[in-house]
Amino acid sequence: MRKLLIATHNPGKRVEIEDLLAATPGGWLERFELWMPSALGLDEEVAETGDTYQDNAALKARALCQASGLLTLADDSGLEVDALGGAPGVHSRRFAPHPTATDADRRALLVEKLAGRPRPWTARFRCVIALAAPGEELRFAEGRVEGEILPEERGHNGFGYDPLFYIPELDRTMAELTRAEKNRLSHRARALLAALPLLEELAG
Ligand code: IMP
């Protein structure tokens, strides 16, 4: 079995990737053993200093591949709201001035910034996955999901901006989807699906 390092300190992401691989035909979980950086003593966070999702995913994948010598998968994602010129985008996690801000604070700030602007407030989640392997060029895959920001929250599942992100075709917000439903259509799921042939190529 080939080791695959998931370049994140967030155990939730590892579970999500494991769920996605389990739900995808191809026996991925029999072929790849998922590792987290902490299990290898690699506890330092890689600073997300890039201007794009691709830059940040590349920074994380390259740094952890170099430190571990393993095939490495990193992702970076965010929410882009058209009426805000694509903000918060690559800064989605830090979209609130004070360092102790919560997801709820960030959602409140988003609605505050949109208040008074004509609806629908169209938006999308985007995710870029970078794959790194020793001696190989980085490979990238992207996934996105289109929707609208609502003025009020709906649903309690998921995290981040999910309670405000409405998907018109489903007439539900991301936070009203079950984990399995979100995993069928999320930006991360779509990016991972697009990354699988590249993973296959790199794994040899
Ligand atoms: P990262 O890719 O973990 O750095 O995600 C950046 C930020 O984007 C998160 O902290 C969330 O605010 C937002 N985000 C990314 N993916 C999702 C999602 O699936 N639901 C809600 N918010 C998300």
Side-chain angles (χ1 to χ4, degrees), residues 6-20 36-38 44-61 63-64 72-81 84 86-114 121-131 140-150 153-167 170 172-195:
I6 308 297
T8 179
H9 295 282
N10 176 351
K13 263 195 192 167
R14 182 193 187 280
V15 171
E16 196 176 304
I17 290 171
E18 206 161 45
D19 279 356
L20 286 166
M36 297 272 291
S38 55
E44 217 164 292
E45 289 257 2
V46 178
E48 297 185 8
T49 52
D51 291 328
T52 63
Y53 307 110
Q54 179 159 332
D55 286 349
N56 282 335
L59 282 171
K60 291 185 271 188
L64 281 150
T72 302
L73 180 156
D75 80 314
D76 196 51
S77 56
L79 173 71
E80 297 179 351
V81 182
L84 302 179
V90 76
H91 305 295
S92 292
R93 190 150 56 114
R94 289 149 281 167
F95 181 62
H98 51 101
T100 55
T102 62
D103 278 348
D105 296 333
R106 282 182 276 275
R107 291 195 296 270
L109 180 63
L110 182 64
V111 172
E112 198 183 301
K113 284 190 185 285
L114 285 168
W121 296 330
T122 52
R124 72 206 49 79
F125 277 120
R126 283 177 62 197
C127 173
V128 172
I129 285 181
L131 293 170
F140 297 98
E142 179 172 340
R144 44 174 87 194
V145 54
E146 300 283 338
E148 294 168 18
I149 302 303
L150 293 183
E153 302 194 358
R154 273 171 50 177
H156 300 282
N157 301 332
F159 71 100
Y161 301 93
D162 282 345
L164 291 175
F165 191 85
Y166 174 73
I167 304 169
L170 303 180
R172 281 190 286 169
T173 67
M174 272 295 205
E176 291 175 314
L177 303 180
T178 63
R179 204 163 87 183
E181 285 169 332
K182 182 176 171 185
N183 275 350
R184 275 199 287 277
L185 60 81
S186 79
H187 47 311
R188 241 181 317 282
R190 288 175 173 167
L192 187 66
L193 218 57

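Atoms within a ligand are numbered from 1 in the order they appear, just like the ligands themselves. For the single chain, residues carry numbers from 1 onward in sequence order. Since this is a predicted model, take the numbers as computed values, not measurements.
Between Arg93 and Glu48 there is a salt bridge, with a side-chain nitrogen of the basic residue lying less than 4.0 Å from a carboxylate oxygen of the acidic one.
Residues passing the salt bridge (charged side-chain N to carboxylate O under 4.0 Å, His left out) test with Glu148: none are found, sequence neighbours excluded. Here Asp103 pairs with Arg106 under the salt bridge (charged side-chain N to carboxylate O under 4.0 Å, His left out) rule; sequence neighbours left out. Applying the ring-ring contact (aromatic ring centres under 6.0 Å, His included) test to Phe125 and every residue at least two apart in sequence or in another chain returns Phe165, His187.
Within 4.0 Å of ligand 1, heavy atoms belong to protein residues Lys13, Glu48, Asp76, Ser77, Gly78, Ser92, Arg93, Phe125, Phe159, Gly160, Tyr161, Asp162, Lys182, His187, Arg188.
The only option from Arg124, Arg126, Arg188 that meets the salt bridge (charged side-chain N to carboxylate O under 4.0 Å, His left out) definition with Glu142 turns out to be Arg126.
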For salt bridge (Lys or Arg N to Asp or Glu O under 4.0 Å), just list the numbers for Arg144 and Glu80, CA-CA rounded to whole Å, side-chain angles, deciding distance to a tenth of an Å, and then say yes or no. CA-CA 10 Å; Arg144 44 174 87 194; Glu80 297 179 351; 5.6 Å; no
